[in-house]
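Since the structure comes first, as structure tokens, the remarks are kept for the end.
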Amino acid sequence: MSNDAPINLNDFIRDVQDFPKPGITFKDITPLLLSSPAFEECINQMAEKVSDLEIDVIAAAEARGFLFAAPLALKLGIGMVPIRKPGKLPHDKHSYSYELEYGTDTLEMHVDGISKGQNVLIVDDLLATGGTVEACCRMIEKCEANITGCLFLIHLAFLDGAKKLDPYPVISLLDY
Ligand SMILES: O=P(O)(O)OC[C@H]1O[C@H](OP(=O)(O)OP(=O)(O)O)[C@H](O)[C@@H]1O
Ligand SMILES: Nc1ncnc2[nH]cnc12
């Protein structure tokens with residue numbers, strides 16, 4: 001029998017007040033990334049949460065989304081599509097501009113990253129206003145693929161971002 005205490009992922013998220021702007025409480029995931037057991041527990045919990053979904057490929061937005069999407073894709077034995085900030089991808093692209101909790105941004109993905117009819121899971125570290133993952137959804141819809149769910153480590157439910165992702169299921173490990 002193991003004597004290890006169960007890991008509470010919440011203990012590895014640090015609140016930083018007024019970053020990057022006054023009034024924002026920033027959810028800092030770097031303590032979780034520093035702990036191999038907590039990071040592994042996070043990826044295991046993510047895999048468990050989506051175990052009933054049909055998933056052919058994972059899509060994730062730069063940069064923090066990549067940190068969770070890549071190990072999850074490896075664990076599930078599937079590929080991953082990077083959705084990147086402008087000017088980073090070399091091939092033909094879809095592009096979408098959106099609003100953040102603290103600014104605006106544009107994302108791009110390769111037009112051939114996801115094929116028509118594929119089942120796609122979108123992964124990100126955090127759902128705030130929903131603008132980032134909504135942009136991912138709009139570009140994946142252009143590929144005529146099916147979005148089977150949107151998976152997050154953290155969901156800031158008070159910001160109502162899930163509404164922007166309707167009708168796609170929002171799945172999260174930690175809700176605030
Ligand atoms: O739901 P939203 O309001 O769109 O906010 C959530 C997004 O904001 C953060 O990314 P950010 O754009 O700060 O970039 P980063 O991943 O490069 O740090 C976070 O990683 C999510 O992708
Ligand atoms: N409050 C927040 N903490 C961390 N990342 C974010 N991205 C958007 N809002 C955020």
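Whatever order the structure lists them in is the order used to number ligands and atoms, beginning at 1.
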Q.
Does the residue Asp125 have a heavy-atom contact with ligand 1, meaning some pair of atoms that are separated by less than 4.0 Å?
A. yes
Result for side-chain contact (heavy atoms from CB on, under 4.5 Å) between Ile83 and one of Ile114, Leu107, Val133 points to Leu107
Under 4.0 Å between heavy atoms, the region of Thr25 that gets near ligand 2 turns out to be backbone
>> If you define the side chain from C-beta out and look only at heavy atoms, does anything of Leu121 sit under 4.5 Å from Ile78?
In response: no
Smallest heavy-atom separation, Ala63 atom then Lys85 atom, equals N-NZ, 4.4 Å
Note: Glu62, heavy atoms under 4.0 Å from ligand 1, region reported as backbone
Residue pairs meeting ring-ring contact (aromatic ring centres under 6.0 Å, His included), one or both in residues 31-79, sequence neighbours left out, come to Phe39-Phe68
Q.
Less than 4.5 Å apart, side chain to side chain, heavy atoms only: is that true for Lys93 and Val111?
A. no
A student checking ligand 1 against Asp124 at a 4.0 Å heavy-atom cut-off should list atoms 20 (O), 21 (C), 22 (O)
If we number the atoms of ligand 2 from 1 as shown, the ones under 4.0 Å from a heavy atom of Leu126 are 3 (N), 4 (C), 5 (N), 6 (C), 7 (N), 8 (C), 9 (N), 10 (C)
| task | Please check if atom CD in Gln45 has more than 12 non-hydrogen atoms from other residues, nucleotides or ligands closer than 6.0 Å. | result | yes
**Asked** Quick one: does Gly130 get a heavy atom under 4.0 Å from ligand 1?
**Response** yes
Gln17 meets the side-chain hydrogen bond (donor to acceptor under 3.5 Å, both in side chains) criterion, sequence neighbours left out, with Thr25
inquiry  = Pairs of nitrogen or oxygen atoms closer than 3.5 Å, one from Lys85 and one from ligand 1: do any exist?
reply    = yes
Can you find an N or O of Leu126 that's nearer than 3.5 Å to an N or O of ligand 1?
no
| Can you tell me if Asp56 uses its side chain to pair, donor with acceptor, with the backbone of Asn119 under 3.5 Å? | yes
request  = Check whether any N or O atom of Ala63, backbone or side chain, sits under 3.5 Å from an N or O atom of ligand 1, and answer yes or no.
outcome  = yes
Counting heavy atoms under 4.0 Å, the part of Thr129 that contacts ligand 1 is both
- Any side-chain heavy atom of Leu151 sitting closer than 4.5 Å to one from Leu72? yes
Open item on the list: With a cutoff of 4.0 Å, is Leu156 in contact with ligand 2, counting heavy atoms of the residue only?
Closed with: yes
So the atoms of ligand 2 within less than 4.0 Å of a heavy atom of Ala128 turn out to be 8 (C), 9 (N)
Checklist entry - Between Arg64 and ligand 2, is there a nitrogen or oxygen pair with a distance under 3.5 Å? => result yes
